[in-house]
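Keep in mind it's a predicted model, so treat the numbers as computed, not measured.
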Amino acid sequence: MEHQNLPKVVLLACGSFNPITNMHLRMFELARDYLEDTGQYNVVKGIISPVGDGYQKKGLIEARHRVEMAQLATENSGWITVDSWESLQPEWTETCKVVRHHYEELVEEEHNTGVKSAKKRRLEKKYIDSSAHPKKKDGPQLMLLCGADVLESFGVPNLWKLEDIDEIVGRYGMVCITRSGNDPHKFIHQSDVLWKHRKNIHTVHEWVTNEISATHVRRALRRGQSVRYLLPDIVLSYIQEHNLYSAESEQKNADVILAPLQRYTDASSKAYLSRCQRSAAHQRVIFTYTSLRKGRVINMPASFSGTWDMISNVNFEGYMIALGISSNLRKIALKLKQRKVIEQQGDLFIIKTLSTFRNYTISFKVDCEFQEFTKGLDNRHVKSLVVWQDNKLVCEQLGEKKNRGWAHWIEDDKLHLELYCEGEVCKQVFKKSANE
């Protein structure tokens, strides 16, 4: 065929695959069609690499099951394979190291099939020395395959190392499949490192809308609902045979901090975090003891986790005026219906505010101060601290604007948010998404 003489490309997808779905497999087909349609690449292989148990994500079942399900799903594929190396590592392995491992495997494989050792060394040196133009015409090329949500996650503090993002995108390249509600071009524009390597990022639009989500599949499974045609039948049979994805399994790692967030906290931050935890624990003991002496019953705050859709938004314009947001932007913002996607693991939170215009992600640990850049909002640097006040999450944001902050709480199965700045208070209410 005509593309046989083109540079060979191997697509690598890293992730939980909890469980693998038809959309995971569809991503490979979309990426291969796109790259080969450019007339510049010959896609020869796809690799699925399930993350290890050390990632400690909420609801993540054992890696042996996730690997087996992926192998079953791909057993009839002529080009997509499953690799268990990452899943077998004793600790969580950064995606950048996984990409390096598979690239080295590709180079070694090519060497063993006839590439001279000296040529191989020259190719490797050329590849490593050239970060601005990493693509080679002679050797195999590895690209990371992902959804647009991965690009968005690059902006979450302490989830990725900047040098890892630079290496993955700059030296290897990415193929990004779009999903509803995500705009990869906006993420690229907002990130200096992604913009620097934008020519190495291939964005593929899925015109046949497909919103299959492993999270939604797990929810349906634990509720006894059908998930047929969302994942391969053979995978569904395996899930049923081993009784996977129950209400109990979904609570696994619920109170554990995600591995990247643990690892990417530097030594000084860890020491400060430890002091925060000891102080917070001490304060809670005193509060509980005092409350019990007064005869009050203390209820633990409800879980904030889930997808929440806005149903009311009072005085949002007054709040934006206090922030100094322009009239034109205020007019746009007032027409938007926001959505909150919250992931809570104990005192660790990741909160995404989504709209058709702009998205904003914040991650924090309760009782521990952090630096925040309100990118996409009013673009200011603030020093933030979130604490529990009874059943409320209360944040103080110290910076140019006075008396700035917010409070989140759950009441009558609804998520409430108060935003305040310089005397203006905006009150927003959200309800759980119908798909929850």
Side-chain angles (χ1 to χ4, degrees), residues 151-166 183 186-196 257-258 260-273 275-276 280 316-330 332-333 336 338 340-343 347-355 357-389 392-408 417-426 428:
L151 280 183
E152 183 182 10
S153 75
F154 285 164
V156 177
N158 297 323
L159 199 59
W160 296 81
K161 290 190 295 186
L162 188 60
E163 55 267 33
D164 283 1
I165 299 173
D166 188 67
D183 184 355
K186 180 173 69 175
F187 303 146
I188 294 169
H189 179 74
Q190 291 176 344
S191 166
D192 288 342
V193 67
L194 294 181
W195 181 256
K196 173 184 174 184
I257 298 176
L258 205 63
L261 297 176
Q262 293 185 51
R263 186 173 297 179
Y264 296 155
T265 304
D266 59 29
S268 61
S269 295
K270 286 182 178 178
Y272 179 70
L273 176 61
R275 292 196 301 271
C276 287
F316 190 37
E317 183 167 28
Y319 172 73
M320 290 190 290
I321 291 173
L323 288 177
I325 295 175
S326 70
S327 174
N328 288 337
L329 288 180
R330 294 201 307 271
I332 296 173
L336 301 175
Q338 297 178 21
K340 296 278 185 182
V341 179
I342 302 178
E343 181 179 344
D347 277 353
L348 176 70
F349 286 79
I350 298 177
I351 300 178
K352 298 179 181 180
T353 303
L354 310 178
S355 72
F357 182 58
R358 286 177 179 171
N359 297 335
Y360 182 66
T361 301
I362 180 176
S363 65
F364 58 86
K365 174 86 174 177
V366 174
D367 292 318
C368 288
E369 190 177 81
F370 62 99
Q371 298 292 329
E372 181 183 359
F373 178 52
T374 59
K375 190 170 185 177
L377 299 175
D378 59 325
N379 298 310
R380 286 188 172 91
H381 292 275
V382 295
K383 186 180 294 184
S384 300
L385 176 65
V386 182
V387 298
W388 286 114
Q389 289 186 9
K392 291 185 178 182
L393 275 178
V394 179
C395 177
E396 182 182 28
Q397 298 171 305
L398 298 178
E400 179 183 345
K401 293 293 181 177
K402 305 301 181 185
N403 301 318
R404 180 177 183 178
W406 52 259
H408 255 312
L417 171 62
E418 284 188 356
L419 301 161
Y420 45 88
C421 179
E422 297 189 344
E424 293 289 343
V425 180
C426 169
Q428 299 179 345

Closest heavy-atom pair and its distance - D367, V387: OD1-CG1, 3.5 Å

How far does CG of L398 sit from OG of S384, to the nearest 0.5 angstrom? 7.5 Å

Which residues pass the side chain to side chain contact (heavy atoms under 4.5 Å, CB included) test with S363, not counting sequence neighbours? V156, P157, I350

Using every non-hydrogen atom in the two residues, find where M320 and A333 come nearest and quote the distance to one decimal. SD-CB, 3.6 Å

Please name all residues satisfying salt bridge (charged side-chain N to carboxylate O under 4.0 Å, His left out) with E400, sequence neighbours left out, ordered by chain then number. R380

Between T374 and R404, which heavy-atom pair has the shortest distance, and what is it? CG2-NH2, 3.7 Å

Sequence-distant partners of K340, side chain to side chain donor-acceptor pair (under 3.5 Å), two or more places apart: T353

Students often mix this up, so state it plainly: with edges at 30° and 60°, are the rings of H189 and W195 parallel, tilted or perpendicular? perpendicular

Are more than 12 heavy atoms, taken from residues, nucleotides or ligands other than D192, located less than 6.0 Å from that residue's CG atom? no

Between the side chain of K383 and the main-chain N/O of E369, is any donor-acceptor distance below 3.5 Å? no

For E418, the salt bridge (charged side-chain N to carboxylate O under 4.0 Å, His left out) test, sequence neighbours excluded, returns none

Distance-minimising heavy-atom pair for C421 and K401: SG-CB, 3.7 Å

How far apart are the C-alpha atoms of Q338 and L417, what are their side-chain angles, what is the distance that settles it, and do they pass the side chain to side chain contact (heavy atoms under 4.5 Å, CB included) test? CA-CA 12 Å; Q338 297 178 21; L417 171 62; 5.8 Å; no

Just how far is it from atom CD1 of I362 to atom SG of C395, taken to the nearest 0.5 Å? 6.0 Å

Partners passing ring-ring contact (aromatic ring centres under 6.0 Å, His included) against Y360 (at least two apart in sequence or in another chain): none

Side chain to side chain contact (heavy atoms under 4.5 Å, CB included) between Y319 and R330: does it pass, once the steps are laid out? CA-CA 10 Å; Y319 172 73; R330 294 201 307 271; over 6 Å; no

Out of L159, I165, D164, which one pairs with K161 under the side-chain contact (heavy atoms from CB on, under 4.5 Å) rule? D164

Minimal non-hydrogen separation, T361 against E152, with atom names: OG1-OE2, 3.5 Å

Taking the six-membered ring for Trp, are W406 and H408 parallel (under 30°), tilted (30 to 60°) or perpendicular (over 60°)? perpendicular

By ring-ring contact (aromatic ring centres under 6.0 Å, His included), which residues pair with F154, not counting sequence neighbours? W160

